[in-house]
There are 2 protein chains.
Amino acid sequence: MAQRWSDDALARLRATSGRGGAARRAVVEYLGRQNCCLSAQEIYDGVRGRGLRVGIASVYRALEGLDRGGLVQRIDLGDGVARFEPVLPGGEHHHHFVCDDCGKVEPFEDPALEVALERIAGGRGYDVEAHDVVLRGACGECR
Amino acid sequence: MAQRWSDDALARLRATSGRGGAARRAVVEYLGRQNCCLSAQEIYDGVRGRGLRVGIASVYRALEGLDRGGLVQRIDLGDGVARFEPVLPGGEHHHHFVCDDCGKVEPFEDPALEVALERIAGGRGYDVEAHDVVLRGACGECR
DNA sequence: CATGTCTTTGAGAACGGGTATCATTATCGT
DNA sequence: ACGATAATGATACCCGTTCTCAAAGACATG
Ligand SMILES: [Zn+2]
Ligand SMILES: [Zn+2]
Ligand SMILES: [Zn+2]
Ligand SMILES: [Zn+2]
């Protein structure tokens with residue numbers, strides 16, 4: 001599945017952006033191995049940890065391309081650091097709970113929430129294309 | 001109502017922080033007059049526009065104190081700028097729609113969404129104290 | 001009101017995530 | 001292999017936010 005996403009993302013990027021590059025490939029492959037959000041710095045560290053000489057600028061460039069193509073979702077948890085996670089085909093996705101105490105980030109899914117959000121999208125004069133939801137509080141260990 | 005919030009916030013701040021100051025008072029009074037979120041810079045400009053010599057650092061300090069006291073909600077719309085809006089007593093609040101095209105921010109309320117969020121809060125092992133929701137897309141004028 | 005103590009304030013430096021720049025390297029059709 | 005052109009990496013830069021610190025203000029006391 002993850003491998004599937006990486007391959008698909010690389011193919012899609014090549015179709016829109018003309019050429020392939022090593023940095024972009026490294027970022028996509030590293031990201032495809034994750035199942036929740038990572039910051040650009042975390043991706044940079046992870047890729048570098050594998051011995052690849054990749055610049056932080058290339059990480060941001062790859063993420064920007066992935067974001068424009070809808071292959072990645074930009075997530076803002078309120079700490080001033082943007083995080084990114086793969087967008088799986090079919091629209092299945094999750095949202096995040098952040099512990100105010102220890103900073104832990106946990107994903108969750110909730111179909112009823114998605115339905116409520118769908119209804120809002122339909123009811124207003126807006127053309128809603130995406131939604132962000134973040135829950136805050138104390139996690140099981142911290143409360 | 002707005003005046004009510006300002007008075008209450010100032011009283012609450014004085015109770016926790018010992019002394020009152022002119023900058024803090026100016027920020028709270030300006031913020032109490034608004035009904036949706038403002039950035040620190042907008043607050044700074046607004047207060048300065050009234051001829052008060054207030055530093056941007058004091059604006060951030062006031063906002064930090066208000067946030068710690070739960071008197072203000074920090075809102076992150078994903079553009080790298082934190083925004084703040086008064087937290088009204090009773091828990092009534094709204095969320096925001098952001099137009100990807102023109103950048104316009106519009107508030108909306110949706111009881112069904114709040115119910116869905118409440119259910120999530122109760123069902124998991126978390127102790128959820130707050131939630132952020134942002135919808136993105138094209139507004140009525142831009143689509 | 002004057003004094004002294006402690007807090008708040010404003011200006012600007014410092015910090016950090018993210019972006020722009022640019023010379024160099026890699027890609028890929030030919 | 002060659003050459004046009006896009007991608008890359010190092011680093012300078014931008015800008016929102018926080019830190020620092022001397023000066024000003026607030027409050028209790030006499
Ligand atoms: Zn996630
Ligand atoms: Zn969702
Ligand atoms: Zn609002
Ligand atoms: Zn809500």
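Numbered from 1 within each chain, the chains take letters A, B, ... in sequence-line order.
Counting any heavy atom pair closer than 4.0 Å across all strands shown, A:Arg48 reaches sugar-phosphate atoms only and no base atom. Contact annotation for B:Arg25: no contact, since no heavy-atom pair falls under 4.0 Å across all strands.
One axis for each end of the helix from C:dC1-D:dG30 to C:dT30-D:dA1, each built from five base pairs, and the angle between them comes to 30° at 10° resolution.
Residue A:Glu129 places its CD atom among more than 12 non-hydrogen atoms of other residues, nucleotides or ligands, all under 6.0 Å distant. Other residues, nucleotides and ligands place more than 12 heavy atoms under 6.0 Å from the CD atom of A:Glu92.
The 5' end of DNA chain C is approached more closely, in terms of each residue's nearest nucleotide, by B:Gly21 than by the other of A:Ile56 and B:Gly21. Comparing B:Ala57 and A:Ala23 against DNA chain D, the residue whose closest nucleotide sits nearer the 5' end is A:Ala23.
A donor N or O paired with an acceptor N or O is not found under 3.5 Å between the base of C:dT9 and the side-chain atoms of B:Arg53. Remark: the A:Arg61 side chain and the C:dG18 base include no donor-acceptor N/O pair separated by less than 3.5 Å.
We find that CG of B:Leu63 is positioned 13 Å from C1' of D:dT18, with the value rounded to whole Å. Distance, B:Leu10 CG to C:dT8 P: 14 Å, rounded to whole Å. D:dA7 atom C1' lies 13 Å from atom CG of A:Leu13, rounded to whole Å. Spacing between atom CG of A:Asp79 and atom P of D:dT17 amounts to 13 Å, rounded to whole angstrom units. Between A:Arg74 atom CZ and C:dG18 atom C1' there is a gap of 9 Å when expressed in whole angstrom units. Atom pair B:Arg24:CZ and D:dG25:P shows a separation of 16 Å (rounding to whole Å applied). The separation between B:Tyr44 atom OH and D:dC15 atom P is 16 Å, rounded to whole Å. Rounded to whole Å, atom C1' of D:dA26 lies 5 Å from atom CZ of B:Arg19.
A donor-acceptor contact shorter than 3.5 Å is absent between the side chain of B:Arg143 and the backbone of B:Gly137.
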Derivation and outcome, salt bridge (Lys or Arg N to Asp or Glu O under 4.0 Å), residues B:Glu106 and A:Arg124: CA-CA 11 Å; B:Glu106 291 188 30; A:Arg124 320 258 160 186; over 6 Å; no
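Residues A:Glu114 and A:His95 have side chains that bring a donor and an acceptor to within less than 3.5 angstrom of each other.
For the side-chain contact (heavy atoms from CB on, under 4.5 Å) criterion with A:Tyr30, the lone passing option out of A:Val54, A:Val47, A:Leu52 is A:Val47.
The distance from atom CD1 of A:Ile43 to atom OH of A:Tyr60, rounded to the nearest 0.5 Å, is 9.0 Å.
Phosphate contact (OP1/OP2 of D:dT18, side-chain N/O of B:Tyr60, threshold under 4.0 Å): absent.
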